[in-house]
Amino acid sequence: MEYNFTEIEKKWQKYWATHKTFKAEDSSIKPKYYVLDMFPYPSGAGLHVGHPLGYIASDIMARYKRHKGFNVLHPMGYDSFGLPAEQYAIQTGQHPKITTEQNIARYREQMDKIGFSFDWDREVRTSDPEYYKWTQWIFIQIFNSWYNKNSDKAENISSLINEFEANGNTNVNAVCDDYTKQFTAADWKAFSEKEKSDALMHYRIAYLGEAYVNWCPALGTVLANDEVKDGVSERGGHPVERKLMKQWSMRITAYAQRLLDGLETLDWTESLKESQRYWIGRSEGTSVKFKIHGSLSHPEVNTNLNEIEVFTTRPDTIFGVSFVTLAPEHDLVNKVTTAEQLAVVEEYVYVSKNRSERERQADVTKISGVFTGSYVEHPFTGKQIPIWVGDYVLAGYGTGAVMAVPAHDERDHKFAKHFGLDLPQVITPNKEHDFDKDAWGEKEGTLINSDFLNGLEVKAAIKKAIEEIEKKKIGCKKINFRLRDAVFGRQRYWGEPIPIYYKNDIPYALSDNELPLVLPEVDKYLPTEDGEPPLARAKDWKYRPAEGGEFEYELSTMPGWAGSSWYFLRYMDAHNGSEFASKKLMNYWNNVDLYIGGSEHATGHLLYVRFWTKFLKDLGYINIEEPAQKLINQGMIQGRSSFVYRIKLASIIPLANVEERINYDKQVFISKNIITKIFGDLKLEGVKADNVKRDTLYNLIKENIPDFPDKDAEGPLTALTIQTLNVDVNIVENDILDIEKFRNWREEYKTAEFILDDGKYICGYEVEKMSKSKYNVVSPDDIGEKFGADTLRLYEMFLGPLEQSKPWNTNGITGVSGFLKKLWRLFFLSPAGGGVANATGEDIAINVTDSEPTKGELKTLHKTIKKITEDIERFSFNTSVSNFMICVNELTEAKCNKRAILEPLLICLSPYAPHITEELWSLLGHKESIALAPFPMHNEEYLVDDSFSYPISFNGKMRLNIELPATLSVEEIEKEVMSREEVQKYLEGKTPKKIIIVPKKIVNIVI
RNA sequence: ACCCUCUUAGCCCAAUUCGGCAGAGGCAACGGUUUUAGAAACCGUAGAGUGUGGGUUCGAGUCCCAUAGAGGGUACCA
């Protein structure tokens, strides 16, 4: 019987679906195991071979844990709201719902073909109203909460209102906006409804506030920090500007410390934790207030603000301050600017505010700034210090103002040098240092020129400086985080509507029974003419409460990360209509035991999902502080692009023959090796080639293509150009181009001519990101069709360690496919002579015996069980594939067709290659799926060797082997070894200084 | 600029928490069997002293220091 993977795979995929083999039980006496893949966004391009890498790994784990007796939750669904579908909708007018559904169908079809053991009954889609009803519900909980620093958790807003009513906000210790005004209980009671709402808004964890956002005009929306790469949008690469907008935001900063601390408890890679730590960016420092000298130039704006507060991590350098710099967006800029400086400052502020992020980042080295004309007083010396504006100071970090210490801070130094400002030195470095060239930024050295700090070491000086600053009441110790509040609204159509309506300009949340607030239909997916979000186009979309009235809904929608921040909980109870998930089930499934996904989510999704998890815990909805205990980042699979080389005819046929050249419409491609042989290089663009080389090339072309135009004897030399063109990798095998397929690939190549190398056209290659435009995308469908899903699964694992990035290369796949055939053959050993069955398809029935296995066969099996178990437990899937190969090689060698060996082997292999193992398992007479068969345990007894061949080293150099019984003690080994003649020969009569013996490892004799 | 990861045969990769004979596997190569030929299959052969320089050790691919190269992440964070 032949191994027909197409039939077998179809058969078992159907079996699993109809028998619901992988259904997770809601309650069980078995221990639970929750293995989750990061939520995919169903893109129009479908899956390429890189996507399934993580899914295969998690599937192996899920299947393995089922064998090990766990109740496994292994779900899949779609993060189906998002920009690409909406961009497509804008371009084509097609509803994003329709494209999204088509894309999902394609994803599903592709995933099914790989044989994943997902419990599809639990599938969720973020764009499904049944799902986003609960995303909206969670939003409302966050809206109705504040962060109490005393209890260090989120609480319902009602406890804050009670406090306001009793004592105002003076005693409230909460995470709130910086500009929150103080009020008393009496004030509160006197507040209008609107004033109350505004006051509470400073405390709500989901709040409407003014914030600088990444505004992308091309996409017509704001983007999260992690959606901006190099100053342009991650999707589409459109420019992004900074803009002050009224926005829904999430006070994730309230959780900064907990997000940081929680990392310690997680089994994630150090690099991932490190990037989260860096993103959160905790820094301990001091705030210091500098009094503005004289009167404000524009006191009418705000008279009670007469100081500039800065944040510094180096209070010890306070005597080295030679100027203060404000961010261009700082509120005080226009208040401190003098009349003379007004024009230049306004110009500067205008320009830097309107510079896009990209420009700003592009000129990091370009220093710009302008003097305001005003001064602050130094709090200790009373000296006047100029106030500057400079865009190297960020508005959103710290207080948006810095005390510049050019001698001891790199950026301040550059700024001061550029504008010719003083560089007062206050620390004597412990090393040679040129202050004119560089700042001394190390936290090392002795303080000088610093009054009460003189003579102190930096660390002591920092402490002392803080004391003095606090004593003078001009500042205090402060912890700053780089993490910013997360913008939560976007002016787009394809997202969850924010469940808020406005009554007299006051935002109110919908009540639970009014959810979901369903996304309305619109005629176009673009913003309105007056720049309102697309939802403004929805006809008659108004909030009409039972008690009457008609109110406007919030028009922005939620960002992509909303739905994905809690989906792992929904899988636990995917169809619950009355709660986001039942407490009972959430308690049972607890958190994710293994989470697999790409490292691109390090600072986006993985921070948000931790934030929401902590929030839901604070409110008592769940019992876990962290969503996923163990997390693995699978490496990226890169594409291997192939190139062909086309001669630019003009550069080989000189101008004299221009007629003929124009009429010659064939394209000529040269094999890579020939180019390198002649020119020694592949990059030939406008290269002044010497006549000899070009003639060599010309003669070669003429030889191969007789109808090629003649060269004019003395044509003028033009620059030689050979163009490098991407060619579809699917028509290239082992760098050899399939010429026929190439000619058919595109109309223009129909008549292409080739200069071959040894009869073959050799392509060049390069490793790059897999992308459509580079023609290097390999679809899992093609591989599956050619080799089968089991081979695809094994091969993806076989490529290398899961976490490492690697280029896709099909070169080795025949080895894996051959392994499966070899395994198959073990079950069909010819009954006649015990030989191997004819692989060409001779129809022999399965032939497995019940006879006793030999010691050698048992050893092979148990060695394999042991290795595979260890490999899976440490996620080393690539090594287990080779271990299976070794095992099958050994069993083939032994002509083993014994049930006692082959059955346990099948179970071990089934997480990796589920279809072939199901088929063989059923051919062996089993009626139940192999998926639930208990995983075999290895027996150490079979692995013990009677003897061990000891390598004998002299001074660490291995000289000979001596076979000794494995049971010998150290003393016995020494005695035995020293008695050997060969050993004595190497000793040359000397007495060894030392003999190191490690039983069953090595003997080392030191002479 | 900073942080993280990696570097072993022509190529992909092993050598496990805890240093103990550098190789178990696959591709490619070479030789053979089968085949009209090709493909496929099967059997067999050969091939590196671990990027570089130093150190610790009886013993280093493995630990430490320095350095080079590749990949990834972050980026004026006071």
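Letters A, B, ... mirror the listed sequences (proteins, then strands); counts begin at 1.
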Atom-pair distance (NZ on Lys806(A); P on A14(B)), nearest Å: 9 Å
Within the 6.0 Å centroid threshold, strictly below: Phe5(A) and Phe787(A): no
Provide, to the nearest angstrom, the distance between the CZ atom belonging to Phe819(A) and the P atom belonging to C42(B). 13 Å
Base orientation of G51(B), syn vs anti, 90° cut from 0: anti
Would you tell me if any nitrogen or oxygen in the side chain of Asn878(A) comes within less than 4.0 Å of OP1 or OP2 on A14(B)? yes
If I pick the C1' atom on G19(B) and the same atom on G55(B), what distance separates them, to the nearest angstrom? 15 Å
To the nearest Å, how far apart are Lys821(A) NZ and A39(B) P? 14 Å
Any Gln804(A) side-chain N or O less than 4.0 Å from OP1/OP2 of C13(B): yes
Phosphate OP1/OP2 of C6(B): any Ser805(A) side-chain N/O under 4.0 Å: no
Paired with U56(B) by Watson-Crick or G-U wobble geometry, both distances under 3.5 Å: which nucleotide is it? none
Rounded P spacing from A46(B) to U16(B) in Å: 26 Å
Base, sugar-phosphate alone, or nothing: which one does Ser882(A) contact when heavy atoms must sit under 4.0 Å apart? base
Can you tell whether the side chains of Lys806(A) and Glu796(A) come within less than 4.0 Å, N to carboxylate O? no
Just N and O in the side chain of Arg277(A): are any of them under 4.0 Å from OP1 or OP2 of C3(B)? no
Is it possible for you to check whether Arg482(A) lies under 6.0 Å from the centre of the six-membered ring of Tyr278(A), through NZ or CZ, and within 45° of that ring's axis? yes
Hey, do the aromatic rings of Phe481(A) and Trp279(A) have their centres closer than 6.0 Å? no
Find the distance Phe798(A):CZ to C11(B):P and express it as a whole number of Å. 16 Å
Sugar-phosphate only, base, or nothing, as touched by Leu799(A) at under 4.0 Å among non-hydrogen atoms: sugar-phosphate
Base, sugar-phosphate alone, or nothing: which one does Thr325(A) contact when heavy atoms must sit under 4.0 Å apart? nothing
Verify the contact: side-chain N or O of Tyr278(A) to OP1 or OP2 of U74(B), cut-off strictly under 4.0 Å; return yes or no. no
How far, in whole Å, is A40(B) from C21(B) if one measures between their P atoms? 38 Å
Distance, rounded to the nearest Å, where Phe877(A) contributes CZ and A14(B) contributes P: 14 Å
Nearest-Å distance for atom pair CD1/P, residues Ile280(A) and U74(B): 15 Å
Answer for the Watson-Crick or wobble partner of U74(B), both distances under 3.5 Å, is A1(B)
Looking for any heavy atom pair under 4.0 Å, which part of the strands does Pro807(A) touch: base, sugar-phosphate only, or nothing? nothing
From C-beta outward on Lys822(A), which listed nucleotide comes closest to its side chain: A41(B), C43(B), A78(B)? C43(B)
Whole-Å P distance, U62(B) and U50(B): 9 Å
Tell me: NZ of Lys863(A) to C1' of G25(B), nearest whole Å? 12 Å
For nucleotides A14(B) and C63(B), find the distance between their P atoms and express it as a whole number of Å. 15 Å
Nearest to the side chain of Ile886(A), heavy atoms from C-beta on, is which of G20(B), A75(B), G25(B)? G25(B)
Roughly how far apart, to the nearest Å, are C13(B) and G51(B) at atom P? 14 Å
Position toward the 5' end of RNA chain B (nearest nucleotide), Leu272(A) or Gly281(A): Leu272(A)
For atom P, what is the distance between G31(B) and A39(B), given to the nearest Å? 14 Å
May I ask you to check whether Phe415(A) and Phe323(A) place their ring centers less than 6.0 Å from one another? yes
Parallel, tilted or perpendicular, judged at 30° and 60°: which one describes the rings of Phe875(A) and Phe877(A)? perpendicular
Tell me what Asn889(A) touches on the nucleic acid: a base, only sugar-phosphate, or nothing, going by heavy atoms under 4.0 Å. sugar-phosphate
With the threshold set at 4.0 Å, does a side-chain nitrogen-carboxylate oxygen contact exist between Arg282(A) and Glu284(A)? yes
Who is the Watson-Crick or G-U wobble partner of U50(B), with both distances under 3.5 Å? none
Could you state the atom-to-atom distance from CD of Glu870(A) to P of C18(B) in whole Å? 14 Å
Does G44(B) pair with anything, Watson-Crick or G-U wobble, both distances under 3.5 Å, and if so, with which nucleotide? C30(B)
